[in-house]
Amino acid sequence: MPEQPVRRDRPERLAYLDHAATTPLRPAARDALLPWFGERFGNPSGDHRVARAARQAVDEARDVVADVVGCRPGDVVFTSGGTEADNMAVRGVHAARPGTVLCSAIEHDAVRNPVGFVGGTTVAVDTRGVLDLDALGDALTPDVTLLALMAANNEIGVVQPVAEAAELVRRRAPGAVVHTDAVQAASWLDLRATIAGADLVAVSSHKVGGPMGVGALIARPGTPIRPLLLGGGQERELRSGTHNVAGIVGMAAAFQAAAAERETTAARVGDLRDRLAEGLLAAIPGAVRTGGGEGTPRLPGTLHLCIPGIESEALLFLVDEAGVCASTASACASGAHQASHVLAAMGIGPELGAGALRLSLGWTSTDADVDHALRVIPAAVAHLRGAQDRRPEPEAPRAGNKMVSLSAAQPPTISNRDPSAEAPRP
Ligand code: PLP
């Protein structure tokens, strides 16, 4: 009789392990933005004292973000989030300089879909989930105008070789723009070093403890780019629209707080994540840690597993019932989960990929969260496998408790797809 893992009533404990989807608001961000929903207001584009005060708040926020990212304040273009920043980078550069657009095969849909929209193609990653620099070298013909390579992947957390790729671009396709999506990296990595060599950088507030619906594109001087939104000419004519002042000041406060504690939080959360990984791999027969490996850096907060013999959606349901918030990283607003293009690009087949589980820790994560997850998740897997064994289907394959050797990555091609047919992947 399999162990009964979960309580069906309201869980006493909640372990929020979905920081890659969004993070709790940092107190510093809340304190900074709340006055802008009360006594403070004003349109920063106006010409009177109330407007000037709002403009000053936006300018101070710009200084803070620039300092954290390591750019000039004038390079910061505030947007409605990471998605808009990525769209602006890809479509804006393509509009200014039409040509061949490349992106890695594991980009977030906020990059992949605009790259598909402008007729671009993907560059393969290897079985660790790292961009294949040889494949990039082959793809870099002189007509390439843009390479988009994320700083770290949102599903598996693997850090990408942005500086090396940028160097290759400079040699093989001089004049091409390098865009990096640093949305997931921003909480964990020193952005100044991470984005070295990139001309454009996308960041998002709500992945760093700031409010949702605000982000920025960092655009280095001289980068050929056209605006997506036309209107009043705010943000150096690059992004028209009245500023989201509350969001912008909240984002800046979150970036400042995250940067100030980045090293200590990364070390603390990295230890928690490692304990969680070891505990789960020991307790779940056949579980495979996805991506990375010896000498391949991962974000400290991310743990991705493939668990044979179960379906992710069923596991997520069970663990949610028991108070563990996790993700397959291919969540869908419509409820229909799609196979992950990231796992496919790494050569992970649908059988193993069907049991994908992403656990992402962050600034609020504690030992108690890990303890709770270690109690709940293995028991839920055992329960599901027990249910599976009682069915007449053949037993699912087991892969061993370590990195498995996977077949060579096959980069999927992307086209002008109907975005409504795709699942958003946070
Ligand atoms: N890029 C990556 C890597 C992400 O993980 C996400 C969100 O999950 C985005 C872009 C989109 O950012 P936003 O939610 O701010 O639109």
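Atoms within a ligand are numbered from 1 in the order they appear, just like the ligands themselves.
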Closest to atom 4 (C) of ligand 1 (judged by heavy-atom distance), picking from E107, H108, R112: H108
Using distance alone, determine whether S204 and ligand 1 share an N or O pair under 3.5 Å. yes
I want to check a possible cation-pi pair here: R262 against W188, using under 6.0 Å from ring centre and within 45° of the ring axis as the test. no
On a heavy-atom basis, I'd like to know which of E155, M212, H206, Q184 is closest to atom 14 (O) of ligand 1. H206
Check ligand 1 against D86 and write out every atom of the ligand that is under 4.0 Å from a heavy-atom position of the residue. 1 (N), 10 (C)
Within 6.0 Å of CD in E263, more than 12 heavy atoms from elsewhere: no
Just heavy atoms, cut-off under 4.0 Å: does V111 contact ligand 1 by side chain, backbone, both, or neither? neither
Does a side chain donor of either S360 or H19 reach within less than 3.5 Å of an acceptor in the other side chain? no
Taking the six-membered ring of F78 (Phe, Tyr or Trp), confirm whether the NZ or CZ of R62 is under 6.0 Å from its centre and within 45° of its axis. no
Output the list of atoms in ligand 1 that are nearer than 4.0 Å to some heavy atom of T83, sorted by atom number. 11 (C), 12 (O), 13 (P), 16 (O)
Could you list which atoms of ligand 1 come closer than 4.0 Å to a heavy atom of M150? 3 (C)
R97-T145 side chain donor-acceptor pair, cut-off 3.5 Å: no
K207 contact mode with ligand 1 (heavy-atom cut-off under 4.0 Å): side chain
So do the side chains of V158 and T296 get within less than 4.5 Å of each other, counting heavy atoms only? yes
G81 heavy atoms within 4.0 Å reach ligand 1 at atoms 15 (O)
Are the side chains of R298 and R273 in contact, using a 4.5 Å heavy-atom criterion? yes
Can you check whether A152 has an N/O within less than 3.5 Å of an N/O in ligand 1? no
